[in-house]
Amino acid sequence: MPAAVACSVKCGPHYRLSPPQPPAALELLPRAQAAAAGELRATRCRSQPSVHFARASDQGDHSPRAPCRSAPSARRARAARVAAAEEACRSDSAAVLLGGAQSRHAIFRDDLVRKAFYAAEAAHRGQMRASGDPYLQHCVETAALLAELGAGPPVVAAGLLHDTVDDAGLDYGSISDQFGAGVADLVKGVSNLSHLSKLARRNDTASRIDEADRLRTVFLAMEDARAVLIKLADRLHNMRTLDSLPKIKRQCFAKETLEIFAPLANQLGILNWKEQLENLCFKHLYPEQYEELSSNLHQFYNRDMIAAAIRRLEQALQVRGLSYRSISGRHKSMYSIYSKMTRKKLDMDEIYDVHGVRVILENKADCFTTLEVVHHLWPRIPGKFKDYVNSPKSNGYQSLHTVVLSEEGLPLEIQIRTGDMHLQAEFGIAAHWRYKEGVRSCSSSVPEMVEWVRCVVTWQCETLHIDHPAPLGLGSSPRATCTFPSHSSDCPFSYSKQCDHSGPILVILLEDEKMSVQELPQNSKILDLLKRASSYDMQLSMRLNCHAVHNLNQELKMGDVLELIPSTPCKSGGYMREFHQMSDHRLAVSQS
């Protein structure tokens, strides 16, 4: 499959203002700096953006449209435009978007989030997605996904602004001035991840499993984990709206998502997003198999059996005096069914966990008591019990799994967990956001959780054999693990202010229009990495993390990016332009 290129889409129908407004109220950002490439990125219409969306053709006016004016670079003028944009939006379709978001999530009424919404509206005004929807809608839906996780105002605000640097030319300093350095750092982090993602698509990194594993590790090591969550939310909404792109681009996005972003969601423990991403990738990569399996699952899934099992279990728990939060039915995700059928060469009726019931209880002791009740009600299938409560998965997942034989003779998987375990399973690293202030205290702050993720990444790098890296969250761990934030002193996942490690480091090498993720021993130097480059003997200039290299003995760190630039002039392709945009942006950040 050829590598993906930046998505360019056509502008929708041109609109004009009705009635006209002063140019100062129309534009927020410089057009010259706006980036046109990106994931499902929009192109900016050349006509003036609309407030009332009246078609020019409907007005009978066929006069030439004036090109968009470039806004002054002064931040004072930009702030004035944001204020003007806020007033214009109140009676515009953007107000409908904001009202809809506020009806779903109260956090959209927060002052910081509302301010970010108006800034995003002004920045993306006139931009349309390939589907024909306003680009602002994508920003709102990305932020809404973060709100569903329980994220606070800074993260939701960053979700609204996540594309303003790449697609609207807003700079780090302006975002920092208006929203604070915390929000600006998150937006910058998402931008960096987006650039690396585009480079990975162009180099088809997803086809090289080991390198895709390393790139995911670099993602976590490079940026604040909250930026990774914003990027995942961005990708999930893009995957939900992928139908408007040409087939080859859909498949390229889906391939990258399946090999990089869905496993990344799994590593962070956000199983809800992981399943959604996998199912959407399945739909676009293997449409015929998807339709066939969907039809077969509809016929095979026995809803009456699930309903009867739930009633029977409810009655048994009431007899034992056990209170529960919920009992619900479920079926295994379509992609998981397809993967197991393909991997083990099974038919659907040979898979034991297609039908499932999930029980959520108050405490750990009740989980094991409920397990006894289940095994009394139905005969258990030998070898199909898994205790993830006492032995959690490395992404923090905890639950009891057992498979029994129903009255209909079909295997039935029953999952048993507490409410806290369910939050961890559904929301992973973001689970602590779901604790309501005044209802339950959480012993971990966001910085501690972020630092913990970095600790996990660096510790797991220590355990990888340098020639055989393994994906995070897969395989057995050489040492016992426990669930954040309760750790024993010798647990490798325990929080520590110092997370130094002596294992290998992962760095990104950019050379000859190609990107590779290289694994090197600790304390390796730039010269060590150069020896692996195909252009080692050529005369080169180099940049490390966008800064010129003057010392080849400088030590490399996890997540460093080394760019090799031939001394002889050459035609710069889209790949180099993409990285130079990333470089210029990082330099601007460092100088702010």
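Hydrogens, waters and symmetry mates play no part in the numbers below; they use all other heavy atoms, side chains included. Start at 1 with the first residue, then count along the sequence.
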Quick one: does [X]'s side chain get under 4.5 Å of [Y]'s, heavy atoms only?
X    : Y    : value
R129 : N238 : yes
Q137 : T241 : no
S191 : V165 : yes
K255 : D204 : yes
I505 : K557 : no
H162 : V187 : no
L193 : I230 : no
L530 : L552 : yes

| said: side-chain contact (heavy atoms from CB on, under 4.5 Å), that's the test. Do F179 and L161 meet it? Break it down for me. | reply: CA-CA 10 Å; F179 302 98; L161 298 167; 3.7 Å; yes
Could you pull out all residues at least two apart from [X] that satisfy side-chain contact (heavy atoms from CB on, under 4.5 Å)?
X    : answer
A262 : L277, E278
D243 : K283, H284
A101 : F108, V140
R208 : N203, T205, E211

For [X], give me all partners under salt bridge (Lys or Arg N to Asp or Glu O under 4.0 Å), at least two apart in sequence or on another chain.
X    : value
R109 : none
K525 : none
R104 : E141
D133 : none

Checking [X] now: which residues fulfil side chain to side chain donor-acceptor pair (under 3.5 Å) with it, not counting sequence neighbours?
X    : result
S516 : Q518
T257 : R235
N272 : Q276, E426

Work out which heavy atom in [X] is nearest to a heavy atom in [Y]; give both atom names and the distance.
X    : Y    : result
A158 : L186 : CB-CB, 3.7 Å
A206 : A212 : CA-CB, 4.4 Å
R214 : V517 : NH1-O, 3.2 Å
L160 : F117 : CD1-N, 3.7 Å
A157 : V113 : N-CG2, 4.4 Å
L245 : A130 : CD2-CB, 4.0 Å

Side-chain donor/acceptor of [X] to backbone N/O of [Y], under 3.5 Å:
X    : Y    : value
K115 : Q178 : yes
S174 : D171 : no
D110 : I107 : no
S541 : I565 : yes
R543 : E563 : no

| request: Evaluate the side-chain contact (heavy atoms from CB on, under 4.5 Å) criterion for residues H105 and V156: first the C-alpha distance (whole Å), next the side-chain angles of each, then the deciding distance (0.1 Å), finally the verdict. | output: CA-CA 11 Å; H105 305 286; V156 176; over 6 Å; no
How many angstroms lie between [atom1] in [X] and [atom2] in [Y], if you round to the nearest 0.5 Å?
X    : Y    : atom1 : atom2 : result
N266 : F261 : CG    : CZ    : 15.0 Å
E256 : M239 : CD    : CE    : 10.0 Å
H550 : L544 : NE2   : CG    : 11.0 Å
L529 : S524 : CG    : OG    : 8.5 Å
W273 : L229 : CH2   : CG    : 6.0 Å
T164 : Y135 : OG1   : OH    : 10.0 Å

| query | What's the verdict on side-chain contact (heavy atoms from CB on, under 4.5 Å) for L562 and M542, showing C-alpha distance, side-chain angles and the deciding distance? | reply | CA-CA 7 Å; L562 180 67; M542 290 167 283; 4.2 Å; yes
| message | The test is side-chain contact (heavy atoms from CB on, under 4.5 Å); show your working for I526 and V549 and say whether it passes. | response | CA-CA 9 Å; I526 293 176; V549 173; 3.7 Å; yes
